[in-house]
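In each ligand, atom 1 is the first atom listed, and ligand 1 is the first ligand listed.
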Amino acid sequence: MYGKVFNIERYHYTDGTGIRILVFLKGCTLSCPWCSNPESQSPRNEMAFNANKCLKCGRCIPACPNGAISLKDGEIVTDRKLCTSCGACVDRCFYDARTLFGRDMTVDQVMTEVLKDKNYFVRSKGGVTFSGGEAALQPEFVRECIRRCRLEFIDTAIETAGAVPWEMLYRAAEHAGEILFDLKTLDDRRFKEFSSYPTAHILENLQKLCSAGKKVRIRCPIIPGVNKDQEFISQVIGIAKENHIRQIDLLPFHQLGSYKYRTIGREYTLGDLKTMNKEEVSDLEKLVRNAGLDCVVGG
Ligand code: SF4
Ligand code: SF4
């Protein structure tokens, strides 16, 4: 069994308890314009080209079987219409200017990476978080990875936006120790801009997970002009209380992933939006805490 993974990151303190290793899976049903991992959204492999690292040596040009790379006016140019993300140019570049996002990994290969950090997990009560993209789009792979982690007594969490059929979500999440459930907006008109799922479906999935006895934590990216308001957070608090959820985390908007859009041939549309600091969501944090819920800001 293979899963399509685009990154594995170690030593995270967010996205679950203790020290975590994050396994990022490719493919998402949403296309949020503030996404800090735009390379996660497509389920297919994607070749990224970082012009800032390119020394224009030209080694990659003959490597491309499709003639997608050329030197024009002194600049290395990749024709995205010709590129099939085969990855041949990546190996030819000595300067890490080219990266292939998307690697078919077996459960054994993922577990080899996970087990390298087992001592950290034991000491910190940490573990593995399956993130994305949308982790539940590869339910059988995630489920099997979680089963193998449990055999090693390693804590597991999955991150989801809930915008998947319930059956897929439950297959992925059934044995996970915790589910980090992203809520981005409850305004259907707004949500339609980046999702084909209605918010009612998302909330139904959230309720079903809670009814099934799963430990769920809600996470809200806070985006000015989309959901940075007390009304939204008050609604989320109501949802948390109805479903006996104990924690709502707030993730203030940042632009850390903005440079990635250009490297995969996409435009970043939120360049005019200012990165927020933690103080800017302190009123929302207070609202959550005053409701008797735990709240972590940032991550
Ligand atoms: S990924 Fe493959 S097709 Fe795309 S530019 Fe590189 S060599 Fe050419
Ligand atoms: S091999 Fe790397 S450094 Fe050389 S031209 Fe290609 S992308 Fe640039």
Please examine the side chains of Val288 and Ile237, heavy atoms only from C-beta on, and report whether any two atoms are closer than 4.5 Å. yes
Parallel, tilted or perpendicular for His201 and Tyr197, by the 30°/60° rule? tilted
Against heavy atoms of Cys60, which atoms of ligand 2 measure under 4.0 Å? 1 (S), 5 (S), 6 (Fe), 7 (S)
In this structure, atom 4 (Fe) of ligand 2 is nearest to the protein heavy atom Cys57 SG, 2.3 Å
Applying a heavy-atom cut-off of 4.0 Å, say which part of Ile69 lies close to ligand 1: side chain, backbone, both or neither. side chain
Numbering as shown, the atoms of ligand 2 that approach Ile76 to under 4.0 Å (heavy-atom distance): 5 (S)
Counting heavy atoms under 4.0 Å, the part of Cys54 that contacts ligand 2 is both
Indicate whether the side chain of Asn37 and that of Lys260 have a donor and an acceptor atom separated by less than 3.5 Å. yes
Write out the residue and atom name of the closest protein heavy atom to atom 6 (Fe) of ligand 1, then the distance separating them to 0.1 Å. Cys89 SG, 2.3 Å
Contacting atoms of ligand 2, where contact means under 4.0 angstrom from a heavy atom of Phe49: 7 (S)
Below 4.0 angstrom from a heavy atom of Cys86, which ligand 1 atoms are there? Numbered from 1 as shown, please. 1 (S), 2 (Fe), 3 (S), 7 (S)
Closest protein heavy atom (residue, atom, distance) for atom 1 (S) of ligand 1: Gly87 N, 3.3 Å
Leu55 neighbourhood, listing ligand 2 atoms whose heavy-atom distance to it stays under 4.0 Å: 3 (S), 8 (Fe)
So, does Arg143 use its side chain to make a donor-acceptor pair with the main chain of Arg171 at under 3.5 Å? yes
Among all the protein's non-hydrogen atoms, which is closest to atom 2 (Fe) of ligand 2, and how far away is it? Cys93 SG, 2.4 Å
Nearest-contact summary for atom 7 (S) of ligand 2 - protein heavy atom, Å: Arg98 NE, 3.3 Å
Taking non-hydrogen atoms only, is Asn66 closer than 4.0 angstrom to ligand 1 via side chain, backbone, both or neither? side chain
Measuring to atom 2 (Fe) of ligand 1, does Cys83 have an N/O/S atom at a distance below 2.8 Å? no
Is ligand 2 less than 4.0 angstrom away from at least one heavy atom of Phe94? no
Below a 4.0 angstrom heavy-atom separation, can you tell me which part of Lys56, side chain or backbone, both or neither, approaches ligand 2? backbone
Considering only non-hydrogen protein atoms, determine which one is nearest to atom 5 (S) of ligand 2 and report residue, atom name and distance to 0.1 Å. Gly58 N, 3.2 Å
Give me the ring orientation class for Tyr120 and Tyr11: parallel if the planes are under 30° apart, tilted from 30 to 60°, perpendicular past 60°. perpendicular
Check whether the side chains of Arg20 and Thr129 place a donor and an acceptor atom closer than 3.5 Å, and report yes or no. yes
Closest heavy-atom contact between Arg217 and Glu178? NE-OE2, 3.1 Å
Exam field: side chain Glu113 to backbone Arg10, donor-acceptor pair closer than 3.5 Å: no
Check the pair Ser70, Asp79 against side-chain hydrogen bond (donor to acceptor under 3.5 Å, both in side chains), reporting the backbone distance first and the verdict last. CA-CA 8 Å; Ser70 58; Asp79 185 338; over 6 Å; no
Just by distance, no angles: are the side chains of Gln207 and Asn205 close enough, under 3.5 Å, to form a donor-acceptor pair? no
Examine Arg262 relative to Tyr268 and say whether NZ or CZ is less than 6.0 Å from the centre of the six-membered ring and inside a 45° cone about the ring axis. no
Number the atoms of ligand 1 from 1 as they appear, then name those within less than 4.0 Å of a heavy atom of Met47, with their elements. 1 (S), 5 (S)
Residue, atom name and distance, where the atom is the protein heavy atom closest to atom 8 (Fe) of ligand 1: Cys64 SG, 2.3 Å
Please list, in number order, the atoms of ligand 2 under 4.0 Å from a heavy atom of Tyr95. 3 (S)
Out of Asp91, Asn50, Thr263, Thr78, which residue meets the side chain to side chain donor-acceptor pair (under 3.5 Å) rule with Arg98? Thr78
